[in-house]
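Here is the structure we will look at.
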Amino acid sequence: DDIMSAYKEEVFNLFPEIKGKKVVLYAPTFRGDAVYEKDYIDLDLSILKEKLGEEYALIYKMHPILGKTKLTHGDNVYNANNIDIYKLFSVADVLISDYSSIVFDFALLEKPVILFAPDLEKYCKERGFYEHYYSFSPYPVTTYQKQLVEEIHRVDEMDEDIKTQLKKEFFEYTDGKSAERIVKFALNLIRS
């Protein structure tokens with residue numbers, strides 16, 4: 001659509017080197033309580049990039065609470081902490097995240113997602129989940145960087161049902177008219 005095309009052009013203008021490459025977006029959430037303890041998983045993106053090869057570009061976007069955090073990087077690894085996540089979605093061929101709710105937003109695009117959760121057991125004990133992590137997620141869950149590389153290489157083989165499952169399960173409407181429906185609902189309440 002027009003908005004996504006405009007976003008894509010904007011991101012390509014910022015990072016012209018990613019054009020023609022498979023773009024992997026790494027967007028993890030934070031760990032801790034967001035006030036006194038702010039932590040994150042320090043994925044070594046330069047090693048990841050080296051393992052993936054030249055046809056890939058890596059972009060990372062940290063949670064806004066960690067907006068000034070810079071991860072290790074090298075060629076074809078880009079810090080996008082100051083760019084809106086939805087603009088980055090426009091160029092991403094695959095999203096790597098962990099426990100972040102942005103996987104729901106990305107699911108609307110029907111693109112592949114890989115979950116990287118090396119601290120899954122600790123996170124489960126300290127923060128917990130509403131749903132069991134493995135059974136809830138249709139996406140591959142990795143806990144080691146080697147597994148992550150393997151899953152990225154396999155995204156082209158990812159079943160379409162996996163890419164669309166969250167969208168089908170959690171979004172009744174995807175036609176862009178939800179605000180209009182809310183206004184109509186509110187007006188009907190006011191009139192009755």
[X] side chain to [Y] backbone, donor-acceptor under 3.5 Å:
X	Y	answer
Lys61	Asp84	no
Gln147	Thr143	yes
Lys111	Phe89	yes

Answer yes or no: are there more than 12 heavy-atom neighbours, outside Ile3 itself, under 6.0 Å from its atom CD1? no

Heavy atoms of other groups near Glu9 CD, more than 12 under 6.0 Å: no

Is any side-chain heavy atom of [X] less than 4.5 Å from a side-chain heavy atom of [Y]?
X	Y	answer
Tyr56	His153	yes
Tyr60	Asn79	yes
Val23	Leu88	no
Leu95	Leu109	no
Leu48	Val77	no
Lys8	Met4	no
Leu58	Leu52	yes
Leu115	Val103	yes

Under the criterion side-chain contact (heavy atoms from CB on, under 4.5 Å), I'd like the reasoning laid out for Arg181 against Lys184: C-alpha separation, chi angles, the key distance, then a yes or no. CA-CA 5 Å; Arg181 276 189 285 280; Lys184 284 181 182 177; 5.7 Å; no

Distance from [X] atom [atom1] to [Y] atom [atom2], nearest 0.5 Å?
X	Y	atom1	atom2	value
Ile96	Thr142	CD1	OG1	7.5 Å
Leu148	Lys51	CG	NZ	12.5 Å
Ile83	Ile59	CD1	CD1	7.0 Å
Lys19	Asn13	NZ	CG	7.5 Å
Leu25	Ile102	CG	CD1	6.5 Å
Glu180	Phe185	CD	CZ	15.5 Å

Hey, mind stepping through Ile18 and Phe12 against side-chain contact (heavy atoms from CB on, under 4.5 Å) and telling me if it holds? CA-CA 7 Å; Ile18 69 171; Phe12 281 154; 3.6 Å; yes

Phe116 and Tyr26 aromatic ring geometry - parallel, tilted or perpendicular at 30°/60° bounds: perpendicular

Could you go through the side-chain contact (heavy atoms from CB on, under 4.5 Å) check for Glu54 and Lys49 one step at a time? CA-CA 8 Å; Glu54 285 303 309; Lys49 172 65 187 75; 3.9 Å; yes

side-chain contact (heavy atoms from CB on, under 4.5 Å) assessment of Asp156 paired with Lys22: CA-CA 11 Å; Asp156 291 338; Lys22 294 177 184 177; 3.9 Å; yes

